[in-house]
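Contents: one structure, followed by commentary.
Note that ligands are numbered from 1 as they come in the structure, with each ligand's atoms numbered from 1 the same way. What you see is a predicted model; the values in this text were computed from it and never measured.
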Amino acid sequence: LEFRRVLFRSHKICFIIIKLLKMEQILYGKPVAERLDEYSSKIFKTFESEQTKPKLTAITVGDNPASILYVSRKQEKAIKLGVEFNWIKLIESTSQNDLNEIISSESKNTNGLIVQLPLPKHLDVEAAIDCIDPKVDVDGLTQFNLGTLFTENYQILPATSLAVLELLDFYGIKTVDKNIVIAGRSRLVSAPLAKILSSKKYNANVTVIHSRTTNQKQFIQNSDIFISAVGSAKLFNKSFFKEGSTVIDIGISKIDGRTYGDVDNLDLENYLSNRSPFPGGVGPITVSALFYNLSILLN
Ligand code: NAP
């Protein structure tokens, strides 16, 4: 604990030095994830006996290598935080009815449940997600939990949105009256984030751009904070960004076995004030956000 306190304090000193020297700040996800883990593990420790050990269930369909990797990371984190991990591996040809039934019945038997995406093409993601009982929806993606974002009285935030908010908070990046442009409008990642950032809690001026936006550069160049959640390798480069702005890369895509973010980092050094690295930015925080949500649902 003492080590963590020293780590956080040294981070604060780094922020000040970076600001004074007008250097860019790289928004590493690891310390942010550690801060979330510290909170969740305290809650999990209160469930010490094996009988009440918190349980997280993950459902995968097929053997998409990226999904297997992501679920393995969640399993590792579960072990580290003292959470029982129940991995249900379904075959690629699982029908929608069977999947829906399994999700509904497993929801009754766990404290948290995730359906790892993407699902095989014949399956309807939204139909599957809405079979998760909102009480165990640690990803915060069911219609019910997303709907609560409109009341601003929410209990659970979608894990990726929470990861971005934690990243901004940890590195002291203010959102009030800032122009934030988000690339992407998906139900699961970018739309909830846009809703939250424009809420009275964050007070940002949010613009959403998407695949039909023709003058993207004009929007992005006007942003104080640009967040990309597209999934297209190196889609946005230096020419898109305003000098001194903040760029957060959520996107992940794979080409010839290599993974890329949406942002091309070429020549970006010290051009921006803050930028998330890829890998090592939002990704590790999203895993911890999931466990943070589990701790909230248990509390
Ligand atoms: P998605 O459902 O495929 O949505 C992609 C969005 O990008 C859509 O709204 C799409 O617009 C928009 N888009 C496509 N081409 C574009 C372009 N040229 N310019 C601007 N917008 C464009 O994907 P998702 O589930 O939201 O995920 C987005 C990315 O985040 C993926 O790479 C995913 O792997 C990654 N991800 C990362 C984490 C993490 O922890 N780092 C977590 C979750 C997801 P239209 O609506 O017009 O089609």
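At the top of the distance list for atom 20 (C) of ligand 1, counting protein heavy atoms only, stands Gln216 NE2, 3.2 Å. Here the heavy atom of the protein found nearest to atom 28 (C) of ligand 1 is Ala229 O, 3.3 Å. Protein heavy atom closest to atom 34 (O) of ligand 1, with residue, atom name and distance, is Ile252 O, 3.6 Å. At the top of the distance list for atom 39 (C) of ligand 1, counting protein heavy atoms only, stands Thr286 OG1, 3.8 Å.
No side-chain donor-acceptor contact under 3.5 Å links Ser107 and Asp133. Neither side chain, Glu101 nor Asn97, offers a donor N or O lying under 3.5 Å from an acceptor on the other. Inspection of the Ser223 and Asn179 side chains reveals no N or O donor paired with an N or O acceptor under 3.5 Å.
Taking the ring centre of Phe240 as origin, the terminal cationic atom of Lys217 falls inside the region bounded by 6.0 Å and 45° from the ring axis. By the 6.0 Å and 45° rule, Lys238 stacks over the aromatic ring of Tyr271. Cation-pi geometry between Lys77 and Phe291 is not satisfied (NZ or CZ under 6.0 Å from the ring centre, within 45° of the ring normal).
Annotation: Ser211 places an N or O atom under 3.5 Å from an N or O atom of ligand 1; distance criterion only.
The shortest heavy-atom distance from Ala163 to ligand 1 is not under 4.0 Å. Arg187 does not count as a contact of ligand 1, since none of its heavy atoms falls under 4.0 Å from the ligand. Residue Ser232 places no heavy atom under 4.0 Å from ligand 1.
Taking every heavy atom of Val189 and a limit of under 4.0 angstrom, the matching atoms of ligand 1 come to 24 (P), 25 (O), 26 (O), 27 (O), 43 (C), 44 (C). Distances below 4.0 Å separate heavy atoms of Gly251 from the following atoms of ligand 1: 29 (C), 30 (O), 32 (O). Near Gly283, the atoms of ligand 1 lying under 4.0 angstrom from a non-hydrogen atom of the residue are 40 (O), 41 (N). Those atoms of ligand 1 that come under 4.0 Å of a heavy atom in Thr160, given as number and element, are 42 (C), 43 (C).
In the candidate list Ser186, Ser253, Gly184, Pro118, Ser186 is nearest to atom 4 (O) of ligand 1, counting heavy atoms. Nearest to atom 15 (N) of ligand 1 by heavy atom, out of Val208, Val230, Leu235, is Val230. Among His210, Lys254, Arg185, the residue whose heavy atom lies closest to atom 46 (O) of ligand 1 is Arg185.
Ring pair Tyr292/Tyr39 is tilted by interplanar angle, where 30° to 60° counts as tilted.
One hydrophobic cluster holds both Val138 and Val189 under the rule that ILVMFWY side chains link at heavy-atom gaps under 4.5 Å. In the hydrophobic cluster analysis, where Ile, Leu, Val, Met, Phe, Trp and Tyr join through side-chain heavy atoms closer than 4.5 angstrom, Val164 is grouped together with Leu290. One hydrophobic cluster holds both Leu113 and Leu81 under the rule that ILVMFWY side chains link at heavy-atom gaps under 4.5 Å.
Of the heavy atoms in Ile250, both backbone and side-chain atoms come closer than 4.0 Å to ligand 1.
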